[in-house]
Student: 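This is the structure I have questions about; it appears just below.
Each chain gets a letter, A, B and so on, in the order its sequence line appears, and its residues count up from 1. What you are looking at is a predicted structure, and each value in this text was computed from that prediction instead of being measured.
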Amino acid sequence: MKDNQKYIEEFVNNIPFDAPDSRHRNKLKTELLNTFPKHRLQPTVRTVNVWRIIMRSRISKLAAAVVIIIVVGTFLYTHNIVPTAYALQDTIEAYNSIASLHIKISDIVGLETRTDEVWLECDSYGNISRIRYHAPDSGQLGSLTIVESDGKSEAWLPRLNVHLSGYRNLGAILGVDVSQVDPKGLVERLYQQELLGEVILDVNEPVQKDKPIVVTVMYPKGSLSENWKKVLYVDQATKLVKKIEKFELRDSQYQLMETRELFDYNQQIDPAMFSLEGEIPSDAKVIDIIDVEVGLLQGDMTDQEAATEITRQLFEMAIAKDYTRAGQLLIVGPAFLTEQLFEGINLIEITSIEPARPSTDPDEKGFYCSGKVLLESGGLFYVQNVSEVKIRQINTASEPNRWMITGLSGNVYLLPDESFQGFFGFENGLTGWSSFQGSVSVTSDSCTGSQACQIEGRDSEGAANSPYFRVTAGKAYELKSYVKLLSGTGDYMVTIAWLDNVGGLVRYDNDWAGKNRPASYTLHGGTFVAPEGAALCTIMLGVQPGSTYLFDDIEFVPSSEE
Amino acid sequence: MIGGTEKKRTQSQTIMTFSEEENNDLIQRACSDPDAFAQLYLLYYDDVFHYCIRRLFDRHSAEDVTSTIFFKVMHNLSSFDGKVNKFQHWLFRIATNAVNDHLRDAKRRSDAIEKAVTNTRAESDYAIDSNEELLERKAILKKALLSLKPKYQTVITLHFFENMKLIEIAACLGTNPSTVRGWLSRATAKLRKKLDTPMKNRGLRL
């Protein structure tokens, strides 16, 4: 870096630039000063003029006053507002006297709502000094509690019986950005962003004092977060934020993505809340990783390059089974924890990695990356489609400019070799099957062997999807399944959904063709040709509402009649 | 009319003769007193113009953006909080956003590069002390700098032309010094790469 700095210093030395032109300086000064008195004084001048008209006679004074009261009153009543007097600075000021508060953060994850809780204690300037963060469900990690106090942080993961300590900025590493939790910091950022034109604020201050001031935050067209908006509900009396809602525009409609409720302002919090002492069983595994290298150093890479590179490195480390390094890249977990996250999967090779893309969420300064890897499990080969690797920059005093993976999600395609024959007798349960609807289970009422798959459609259809198979367009395949009706009068399906190479639906075959309602196990199926554009397929089993069917000995193989 | 880095340093020193207290007093009065605002404007006009011309490499664009910046300052001065920010940092943050806004549009950006390169000769009229090689170097610098991301352009200009330390740049940009260090490291590496090739092709040396 020093060499580059020196090179540029020498390069720019003595390069001539235009000097300021006094004509422009004077012209602009005149323009500014011409605008200045209007900008500052116009409202006062107008008020004086109106008052002078009113004061001409007692009668006109009275009449005008009545008219003004009626007009203003009607306007306020119909618009349900008073002229806006609220400013964000009022809230920033109000937070200076806050010693503690409690926050509930509800995230919409798919169709579920996940609620985390935060307790904050502030110093005499209103800045956070101690924090407790509790997430009842952190995916594979299970429940998670983080406490930060006196610059130290530790975490407790009961499902894994692991107590993590020695982290620097543990919250950030585990994907919980404390700075984003702090409402004072949030309002201060909004204030600065408004000043710089980075957000558009709309303030609605109702007449009724028991109703909150509603501050709507929009992001300018063309900005990264243009499809997001936030709504802050501010208490009129205290000027403190009571609730924050975050929306994303999807299919032309704003959908609620997150709700934060802030309450118990200045209610004393038990000091024990900011310590994990007494909560951790004596047999918990204590891991102190103060000297562990955190994430990937950015070096000369751009943000996007760093985010893509750390994704590639994570996969490479997992292929090499270097779970120590993989753990450093992924939430700084110890090797055994990282190995558990990979669940014994044998990664073979990286198929592809797409360039990382920035998150559009206004509160997330991170990237998302996607890719595909080939993996082996139980003797079968799969393509893991990693649709969302979540990457964040971790900037702490001791760890500047490092990048960390804070989440992974995706789905798996089964990738048979040439000799593979898909056969599902459900002797090992529902391994490999997914996307369940209704009630899906195994039963001992089987065609052959000891188990079969039972699907019950309740108020809506029941269904299950097989792992994905790789197919060749134009090639014929045979699908067979033994089916038995257990109860109800609805139809069933043993369907093939043909998909393109990224999992998009091309066509269904044999959809709801099961109308025979077999009282005993009966063979259902036939020969099907993969349509143009098909690269993958999945077998879909389904039953109509109110019916229960059993499926067993499902076979999917290339047709021998070709 | 020459305005190189030496001139900038002299002007910074002029500003430094105001104590922080006097400066804050002037800012407070400038919120409601046009004379005080005029004084504040004259105090910072050159700094703002220099920053704009070094970011945009075009006199007319620099003057336009300088005007935008001072109108923003006038409208928002009452919200400036001297307890939280230094005025110069607040001013440069507004300036940086205004310059970046100007460059944001891709078409405008490509126009700016083209304009900057084609204007090299015309600008030599202002640069009476400069020789051919310096003008050649300036043309290379313009093209290279304007092809970087706005944030990299910003840190390069603030560091190498405005002589700001990392902590000051961070205050201007509302980020932390370690982030600025990273940006600067990447920006200098990229800029060097972009400067090296045309210098070698044209047989120029530092």
Side-chain angles (χ1 to χ4, degrees), chain A residues 1-21 23-25 27-29 31-37 39-41 87-89 92 188-189 191-198 222-223 297-303 305-306 393 395-397 399-402, chain B residues 1-5 7 32 34 37-38 41-42 45-46 49-50 53-54 57 59 62-63 66-67 70-72 74-76 79 81 84 93-94 97 101 104 123-124 126-127 129-130 134-135 137-138 141 149 156 160-161 174 176-179 181-182 184-186 188-192 195 206:
Chain A
M1 179 175 166
K2 287 281 173 204
D3 280 355
N4 291 339
Q5 287 234 12
K6 200 172 169 201
Y7 179 92
I8 292 166
E9 269 166 23
E10 284 177 13
F11 195 103
V12 302
N13 188 33
N14 291 327
I15 283 187
F17 281 94
D18 287 6
D21 182 354
R23 282 168 301 182
H24 180 260
R25 188 193 290 118
K27 185 171 161 258
L28 177 58
K29 182 183 158 194
E31 285 172 9
L32 285 162
L33 294 182
N34 281 344
T35 317
F36 193 91
H39 173 69
R40 303 287 176 206
L41 303 175
L88 288 179
Q89 294 98 309
I92 296 169
E188 279 176 342
R189 272 195 303 282
Y191 172 64
Q192 288 290 337
Q193 287 174 318
E194 187 198 18
L195 196 65
L196 298 166
E198 293 166 3
S223 66
L297 184 64
Q298 181 153 6
D300 287 342
M301 288 181 281
T302 63
D303 293 355
E305 286 165 353
Q393 193 177 30
N395 273 318
T396 65
E399 302 290 350
N401 300 320
R402 286 186 169 271
Chain B
M1 291 170 73
I2 254 207
T5 48
K7 175 101 182 194
S32 54
F37 182 80
Y41 162 79
L42 291 173
Y45 174 88
D46 286 4
F49 176 81
H50 280 301
I53 191 91
R54 285 165 186 147
F57 291 88
R59 162 173 291 281
E63 287 180 346
T66 301
S67 302
F70 277 105
F71 273 102
K72 276 192 173 183
M74 189 175 74
H75 288 296
N76 293 298
S79 63
D81 185 351
V84 179
R93 193 163 181 197
I94 291 177
N97 277 283
D101 281 350
R104 187 166 291 147
E123 282 175 21
S124 64
Y126 291 97
D129 286 352
S130 35
L134 276 177
L135 289 173
R137 253 203 272 161
K138 185 180 177 185
L141 176 69
K149 282 181 180 177
I156 291 276
F160 291 103
F161 291 110
N176 58 51
S178 61
T179 302
R181 189 193 298 129
L184 191 61
S185 164
R186 291 190 288 284
T188 49
K190 282 175 187 296
L191 184 61
R192 180 174 182 171
L195 293 174
L206 279 183

Student: Heavy-atom distances under 4.5 Å only: say whether Phe70(B) touches chain A with side chain, backbone, both or neither.
Tutor: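 Both backbone and side chain.
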Student: Can you say whether the rings of Tyr45(B) and His24(A) are parallel (under 30°), tilted (30 to 60°) or perpendicular (over 60°)?
Tutor: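 Tilted, since the angle between the ring planes falls between 30° and 60°.
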Student: Before you tell me yes or no, could you show the steps for Lys190(B) and Asp300(A) under salt bridge (Lys or Arg N to Asp or Glu O under 4.0 Å), namely the whole-Å CA-CA distance, both residues' side-chain angles and the distance that decides it to 0.1 Å?
Tutor: CA-CA 8 Å; Lys190(B) 282 175 187 296; Asp300(A) 287 342; over 6 Å; no
Student: Could you tell me whether the side chain of Tyr41(B) reaches within less than 4.5 Å of the side chain of Leu33(A), counting heavy atoms only?
Tutor: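 Result no, sub-4.5 Å side-chain heavy-atom pair not found.
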Student: Specify the closest pair of heavy atoms between Leu32(A) and Met74(B), including all atoms of both residues, with the distance to one decimal.
Tutor: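 Reported closest heavy-atom pair: O-SD, 3.6 Å.
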Student: Looking only at heavy atoms, which two atoms of Leu134(B) and Asn13(A) are closest? And how far apart?
Tutor: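 Closest pair (atom of Leu134(B), atom of Asn13(A), distance): CD2-O, 4.1 Å.
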Student: Under the side-chain contact (heavy atoms from CB on, under 4.5 Å) test against Phe17(A), which residue among Arg59(B), Lys138(B), His50(B) passes?
Tutor: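 Considering Arg59(B), Lys138(B), His50(B), a side-chain contact (heavy atoms from CB on, under 4.5 Å) with Phe17(A) is found only for Lys138(B).
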Student: Under the side chain to side chain contact (heavy atoms under 4.5 Å, CB included) rule, what do Leu191(B) and Phe11(A) come out as? Steps first, then yes or no, please.
Tutor: CA-CA 11 Å; Leu191(B) 184 61; Phe11(A) 195 103; over 6 Å; no
Student: So how far is it from Arg181(B) CZ to Gln298(A) CD, rounded to the nearest 0.5 Å?
Tutor: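 Taking CZ in Arg181(B) and CD in Gln298(A), the distance rounds to 12.5 Å.
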Student: Might you point out which heavy atoms bring Leu135(B) and Pro16(A) nearest each other, and give the distance in Å?
Tutor: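 Shortest heavy-atom contact: CD2-CG, 4.3 Å.
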Student: What closest approach, in Å, do Ser185(B) and Gly299(A) show between heavy atoms, and which atom pair accounts for it?
Tutor: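 The pair with the smallest heavy-atom distance is OG-O, 4.4 Å.
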Student: Applying side chain to side chain contact (heavy atoms under 4.5 Å, CB included), run through Arg186(B) and Asp303(A) and close with a yes or a no.
Tutor: CA-CA 10 Å; Arg186(B) 291 190 288 284; Asp303(A) 293 355; 3.6 Å; yes
Student: Go through the steps to decide whether Phe49(B) and Asp21(A) satisfy the test side chain to side chain contact (heavy atoms under 4.5 Å, CB included), and finish with yes or no.
Tutor: CA-CA 9 Å; Phe49(B) 176 81; Asp21(A) 182 354; over 6 Å; no
Student: Measure across Gln5(A) and Phe160(B) and return the closest heavy-atom pair with its distance rounded to 0.1 Å.
Tutor: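 Closest heavy-atom pair between Gln5(A) and Phe160(B): O-CE2, 3.6 Å.
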Student: Taking side chain to side chain contact (heavy atoms under 4.5 Å, CB included) as the definition, give me every residue that meets it alongside Arg93(B), ordered by chain and number, with sequence neighbours left out.
Tutor: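 Here the qualifying residues are Gln192(A), Leu196(A), Asn97(B).
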Student: Would you mind reporting whether Thr66(B) and Arg25(A) have side-chain heavy atoms less than 4.5 Å apart?
Tutor: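 With C-beta onward as the side chain, the pair stays apart.
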Student: Is atom NZ of Lys29(A) surrounded by more than 12 heavy atoms (other residues, nucleotides or ligands) closer than 6.0 Å?
Tutor: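 Atom NZ in Lys29(A) is not packed in, count stays at 12 or less.
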Student: Step by step, would you call Leu28(A) with Phe71(B) a side chain to side chain contact (heavy atoms under 4.5 Å, CB included)?
Tutor: CA-CA 9 Å; Leu28(A) 177 58; Phe71(B) 273 102; 3.9 Å; yes
Student: Using salt bridge (charged side-chain N to carboxylate O under 4.0 Å, His left out) as the criterion, list what pairs up with Lys27(A), not counting sequence neighbours.
Tutor: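 Residues passing salt bridge (charged side-chain N to carboxylate O under 4.0 Å, His left out) with Lys27(A): Glu31(A).
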